[in-house]
Amino acid sequence: MTSPTSFAIERKVFEEHREKWFRSNPGKYVAIQGDVVASGFFDTYAEALRAGLREFDVSRGFLVRQVRLAEQVYVVS
């Protein structure tokens, strides 16, 4: 099970590259494990997930995020 502080490195890598990635790959998906980014950007979450499963150590988690300047907020009530 992952802890609440999991993916701190992956989130940091994403934030460090967000603006650059948005300029070249807006709306695409990226997979990150530690400070390693999967090869390429992907049109769908499923494609990025498959790339992460193929390229990373699946005994550890990895992050899949959509490249956006701002995060979408969902309200559930």
Side-chain angles (χ1 to χ4, degrees):
M1 176 182 268
T2 58
S3 71
T5 57
S6 291
F7 303 114
I9 295 169
E10 291 84 354
R11 289 192 317 263
K12 182 176 184 241
V13 169
F14 183 83
E15 290 304 325
E16 288 173 347
H17 295 90
R18 181 195 293 257
E19 288 184 29
K20 177 180 72 169
W21 288 346
F22 184 77
R23 286 191 299 272
S24 59
N25 297 285
K28 301 282 186 169
Y29 291 83
V30 62
I32 308 166
Q33 186 177 68
D35 61 355
V36 178
V37 178
S39 56
F41 290 84
F42 305 92
D43 291 328
T44 67
Y45 178 90
E47 290 172 352
L49 179 62
R50 282 193 295 274
L53 291 170
R54 191 174 50 248
E55 295 182 33
F56 297 137
D57 175 4
V58 295
S59 67
R60 293 182 38 216
F62 60 90
L63 181 69
V64 174
R65 293 275 301 265
Q66 187 173 27
V67 179
R68 300 173 156 268
L69 283 181
E71 295 302 312
Q72 288 183 303
V73 176
Y74 298 96
V75 178
V76 179
S77 59

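Numbers for residues simply follow the sequence, beginning at 1.
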Distance in Å, R68 CZ paired with Y29 OH, rounded so as to fall on 0.5 Å steps = 7.0 Å
ask   = Within a radius of less than 6.0 Å around CD of E71, do more than 12 heavy atoms belonging to other residues, nucleotides or ligands occur?
value = yes
For the student: nearest non-hydrogen atoms of D35 and V13, plus distance = CA-CG2, 3.8 Å
query = salt bridge (charged side-chain N to carboxylate O under 4.0 Å, His left out) between R11 and E15: does it pass, once the steps are laid out?
reply = CA-CA 6 Å; R11 289 192 317 263; E15 290 304 325; over 6 Å; no
key: Gap separating the CD1 atom of I32 from the NE2 atom of H17, nearest 0.5 angstrom   = 8.5 Å
request  = Could you state whether V64 and V37 fall into the same hydrophobic cluster, counting links through intermediate Ile, Leu, Val, Met, Phe, Trp or Tyr residues with side-chain heavy atoms under 4.5 angstrom apart?
outcome  = no
Show me, pair by pair, the donor-acceptor contacts under 3.5 angstrom made by side chains of residues 44-56, not counting sequence neighbours?
| residue | atom | partner | partner atom | Å |
| --- | --- | --- | --- | --- |
| T44 | OG1 | E47 | N | 3.0 |
| E47 | OE1 | D43 | N | 3.0 |
| E47 | OE1 | T44 | N | 3.4 |
| E55 | OE1 | S39 | N | 3.0 |
| E55 | OE1 | S39 | OG | 3.4 |
| E55 | OE2 | S39 | OG | 2.8 |

message = Would you say that V30 contacts F42 through its side chain, given a criterion of any heavy-atom pair below 4.5 Å between the two side chains?
response = no
Approximate separation, where rounding is to 0.5 Å, of R18 CZ and R65 CZ = 5.5 Å
task = Examine distances only and state if a side-chain atom of Q33 and a backbone atom of L63 form a donor-acceptor pair shorter than 3.5 Å.
result = no
request  = Mind checking the CD-CZ spacing from Q66 to F41? Nearest 0.5 Å is all I need.
outcome  = 12.5 Å
request  = Locate the shortest heavy-atom distance separating F7 from E10; write the atom from each residue and the value.
outcome  = CA-OE1, 3.0 Å
